[in-house]
Amino acid sequence: MSTVPAETGPEDANNQSFWMPGNYHRTVKRTEDAFQACNDIQACFQERARVERQYAQQLSEWSTKWKPLVDTSPLYGSLLQAWQCFLSSADRLSSLHSSICRSLVSEDGDRIRTWQKETFHKKIFGGFKESQDFETGFSRAQKPWAKRLKKLEKTRAAFHKACRKEHMAREREAHAQGNPDIAIEKQRRIQEETELAHQETEKVRARYEKVFEEVSRYAPRYMEEMESIFDQSQEEERKRISFLKQAFLSIHRHLDVTNNESVKAVYNELHDTLMSISEQEDLRLWKNTHGPGMPTDWPQFQEWTADKKHKRGKKEVEQKVAVMERSVMIGGVRVRALYDYVGQETDELSFKAGEDFLKIEDEDDQGWCRGMMDGGKEGLYPANYVDVV
């Protein structure tokens, strides 16, 4: 979970090798890096949740703003229903994105936060118990190795120094040989210095080889101990990676609206509504509502008749009302509106397509029926606007 280092040369790679003293700190630091990554993941998707909430709010505001304008638009019939379906779809999508927001915060966010609390145990003076355990394990395993490496480096430096000294002595000896300007006595001293330098080199070499052999014998044990601690840290890292993979998959499941059945249902219904736009039905609706298909009171010749005054008693009136109420209850027929209709007069009913109510009087000569809504309101309506349920 830590960042991968950039490519380096062989020498730098050796210095940065895990086996070199102190270089295990990058592995130990993974615990702190993972804790910080959890904080960053939570902040990232909390912000995404705000985006979802704002989008849901904007969809709702857009639908609310346009609904009264669409309802009173010049469109009618299936075309108006299609336009209205866009708004109702937006309301349903608004609810969906609100639920996505809630899932990201209360489900995914809480899940990561709970796991983080259970996985990382903070110490009083800073850091994490897991980091300290790995730090202690690596340090104990590496301490003897670091001491041997230091000793090896010291003997190596001494050996190389002796080699350089011997090399310089041999160069002086070679220069002195056959040179008439250098006295015989001085040449003899130079030869003695070369021999002493050689003996010192062999002595230091033997010491260097001994230390090197000790280091080589200890290397397998060092590697075993370091790998044991490293494997433990790898197992902890594996658990972190596995958990965060599942957390990301959960977030993806909530964000992936392409496989959401609710979204599919919204757009399938919208598509079906758009495909149900019918030129013939809309034109027929207009014809029956505002054209030649409208019912009207054509002029008829009426004979004059004298009014017959007849005073009915209170009991007779009450009996007639009771009979009318009984006829409504017994003879009524349930009908369903085929189209929207807005009453033009006070004695006419208004209804929406698909609405059911009761027909209480048959069609008259002018194409009108009397009906009663579920709320008890009575009035006239065009007979060809409904069908028996």
*Asks:* Between D110 and R113, does at least one N-O distance fall below 4.0 Å, as a salt bridge requires?
*Replies:* yes

*Asks:* Assess the pair W83 and Y76: is the distance between their ring centroids shorter than 6.0 Å?
*Replies:*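 Between W83 and Y76, the centre distance exceeds or equals 6.0 Å.
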
*Asks:* Check F138, F230, W145 against Y24 for a ring pair (Phe, Tyr, Trp, His ring centres under 6.0 Å) and give me the one that passes.
*Replies:*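 Filter result, single survivor: F138.
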
*Asks:* In this structure, are over 12 heavy atoms from other groups packed under 6.0 Å from M294 atom CE?
*Replies:* yes

*Asks:* Got a donor-acceptor contact below 3.5 angstrom from the S89 side chain to the C85 backbone?
*Replies:*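 At least one qualifying donor-acceptor pair exists.
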
*Asks:* Do Y341 and L349 have side chains that approach each other closer than 4.5 Å (heavy atoms only, starting at C-beta)?
*Replies:*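 No, their side chains stay 4.5 Å or more apart.
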
*Asks:* Going by side-chain contact (heavy atoms from CB on, under 4.5 Å), E202 matches just one of E200, Q199, H198. Which one?
*Replies:* H198

*Asks:* Between N288 and N384, is there a donor-acceptor pair closer than 3.5 Å when you use the side chain of the first and the backbone of the second?
*Replies:* no

*Asks:* Would H175 and E171 count as a side-chain hydrogen bond (donor to acceptor under 3.5 Å, both in side chains) here? Give the steps.
*Replies:* CA-CA 6 Å; H175 179 70; E171 284 185 343; over 6 Å; no

*Asks:* Does R334 pair with D374 as a salt bridge, N-O distance under 4.0 Å?
*Replies:*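 So R334 pairs with D374 through a salt bridge.
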
*Asks:* Please round to the nearest 0.5 Å and tell me the distance separating atom CD of E224 and atom CZ of R221.
*Replies:* 9.0 Å

*Asks:* Looking only at atom types and distance, does a side-chain atom of N268 sit under 3.5 Å from a main-chain N or O of K264, one as donor and one as acceptor?
*Replies:*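 Yes.
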
*Asks:* Take a 6.0 Å sphere around NE2 of H167 and say whether it holds more than 12 heavy atoms from other residues, nucleotides or ligands.
*Replies:* no

*Asks:* Let me see the working for R53 and R50 under side-chain contact (heavy atoms from CB on, under 4.5 Å), right down to the final yes or no.
*Replies:* CA-CA 5 Å; R53 184 177 67 248; R50 288 195 294 271; 3.5 Å; yes

*Asks:* Going by heavy atoms in the side chains, are R156 and E153 under 4.5 Å from each other?
*Replies:*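 Heavy-atom side-chain distance check passes, below 4.5 Å.
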
*Asks:* Has the side chain of T136 got a donor or acceptor atom that lies under 3.5 Å from a matching backbone atom of Q132?
*Replies:* yes

*Asks:* Do side-chain atoms of E32 reach the backbone of G127 as a donor and acceptor pair under 3.5 angstrom?
*Replies:* no

*Asks:* Does F45 belong to the same Ile/Leu/Val/Met/Phe/Trp/Tyr cluster as F243, with side-chain heavy atoms less than 4.5 Å apart forming each link?
*Replies:*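 Same cluster.
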
*Asks:* With a cut-off of 6.0 Å (strictly less than), are more than 12 heavy atoms of other residues, nucleotides or ligands near CZ of F212?
*Replies:* no

*Asks:* Is there a donor-acceptor pair closer than 3.5 Å between any side-chain N or O of S94 and the backbone N or O of A90?
*Replies:* no

*Asks:* Does C38 reach the side chain of I41, with side-chain heavy atoms less than 4.5 Å apart?
*Replies:* no

*Asks:* Checking T155 side chain against L152 main chain: does a donor-acceptor pair fall under 3.5 Å?
*Replies:* yes

*Asks:* Run the numbers on F35 and F128 for ring-ring contact (aromatic ring centres under 6.0 Å, His included), then give the verdict.
*Replies:* CA-CA 10 Å; F35 182 85; F128 299 92; 4.8 Å; yes

*Asks:* Do side-chain atoms of Y222 reach the backbone of W19 as a donor and acceptor pair under 3.5 angstrom?
*Replies:* yes

*Asks:* Are F301 and E303 packed together at the side-chain level, in the sense that at least one heavy-atom pair is separated by less than 4.5 angstrom?
*Replies:* yes

*Asks:* May I ask you to check whether over 12 heavy atoms, not counting those of D231, lie within 6.0 Å of atom CG?
*Replies:*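 Result for CG/D231: enclosed.
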
*Asks:* Could you tell me if the side chain of Q116 sits less than 4.5 Å from the side chain of N39, heavy atoms only?
*Replies:*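 Result yes, sub-4.5 Å side-chain heavy-atom pair found.
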
*Asks:* Salt bridge check, E281 against R284: does any charged N sit closer than 4.0 Å to a carboxylate O?
*Replies:*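 So R284 pairs with E281 through a salt bridge.
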
*Asks:* Taking F86 as the fixed residue, which of V70, L274, T273 is the one that meets the side-chain contact (heavy atoms from CB on, under 4.5 Å) rule?
*Replies:*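 It is L274, the one option of V70, L274, T273 that forms the side-chain contact (heavy atoms from CB on, under 4.5 Å) with F86.
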
*Asks:* Establish whether V389 and V333 are linked, either directly or via other cluster members, by ILVMFWY side-chain heavy-atom contacts under 4.5 Å.
*Replies:* no

*Asks:* Would you please test H160 and R164 for side-chain hydrogen bond (donor to acceptor under 3.5 Å, both in side chains) and show each step?
*Replies:* CA-CA 6 Å; H160 288 180; R164 283 194 299 270; 5.3 Å; no

*Asks:* With D108, which of Q42, R253, R48, H254 fulfils side-chain contact (heavy atoms from CB on, under 4.5 Å)?
*Replies:*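 When side-chain contact (heavy atoms from CB on, under 4.5 Å) is applied between D108 and each of Q42, R253, R48, H254, only H254 qualifies.
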
*Asks:* Does V51 belong to the same Ile/Leu/Val/Met/Phe/Trp/Tyr cluster as I100, with side-chain heavy atoms less than 4.5 Å apart forming each link?
*Replies:*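 V51 does not cluster with I100.
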
*Asks:* Going through the checks in order, is the side-chain hydrogen bond (donor to acceptor under 3.5 Å, both in side chains) test met by D71 and Q84?
*Replies:* CA-CA 8 Å; D71 290 345; Q84 291 170 332; 2.9 Å; yes

*Asks:* Measure from the ring center of F351 to the ring center of F357 and say whether it is less than 6.0 Å.
*Replies:*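 Yes.
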
*Asks:* Quick one: do V342 and Y385 end up in the same hydrophobic cluster if we chain Ile, Leu, Val, Met, Phe, Trp and Tyr together by side-chain heavy atoms under 4.5 Å apart?
*Replies:* no

*Asks:* How close do A353 and L338 get, counting heavy atoms only, and between which atoms?
*Replies:*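 Looks like CB-O, 3.7 Å.
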
*Asks:* Heavy-atom distance under 4.5 Å between the side chains of M373 and E355, does that happen here?
*Replies:*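 They are in side-chain contact.
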
*Asks:* Just do the side-chain contact (heavy atoms from CB on, under 4.5 Å) check on L255 and L104 with the steps written out, would you?
*Replies:* CA-CA 9 Å; L255 292 176; L104 291 176; 3.9 Å; yes

*Asks:* Should E107 and R111 count as an ion pair when the cut-off is N to O under 4.0 Å?
*Replies:* no

*Asks:* Please confirm whether the backbone N or O of S278 pairs with a side-chain atom of S78, one donor and one acceptor, at under 3.5 Å?
*Replies:*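 Indeed, once roles are kept as given, a pair shorter than 3.5 Å links the two residues.
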
*Asks:* Does a side-chain N-to-carboxylate-O contact under 4.0 Å join E193 and R189?
*Replies:*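 No, no charged N to carboxylate O under 4.0 Å.
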
*Asks:* Do F159 and V211 have side chains that approach each other closer than 4.5 Å (heavy atoms only, starting at C-beta)?
*Replies:*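 Not touching, per the 4.5 Å side-chain cut-off.
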
*Asks:* Check for me, please, whether F18 and L149 land in the same ILVMFWY cluster - side-chain distances under 4.5 Å, paths through other members count.
*Replies:*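 Yes, F18 and L149 fall within the same hydrophobic cluster.
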
*Asks:* Between H25 and E135, is the side-chain hydrogen bond (donor to acceptor under 3.5 Å, both in side chains) condition met? List the steps.
*Replies:* CA-CA 7 Å; H25 290 300; E135 174 71 29; 3.1 Å; yes

*Asks:* Less than 4.0 angstrom from a charged side-chain N to a carboxylate O is my criterion; do R336 and D356 meet it?
*Replies:*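 The answer is yes: the pair qualifies as a salt bridge.
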
*Asks:* With a 4.0 Å cut-off, would you call R240 and E237 a salt bridge?
*Replies:* yes

*Asks:* Are any of the side-chain nitrogens in R217 or E213 under 4.0 Å away from the carboxylate oxygens of its partner?
*Replies:*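 Salt bridge: yes.
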
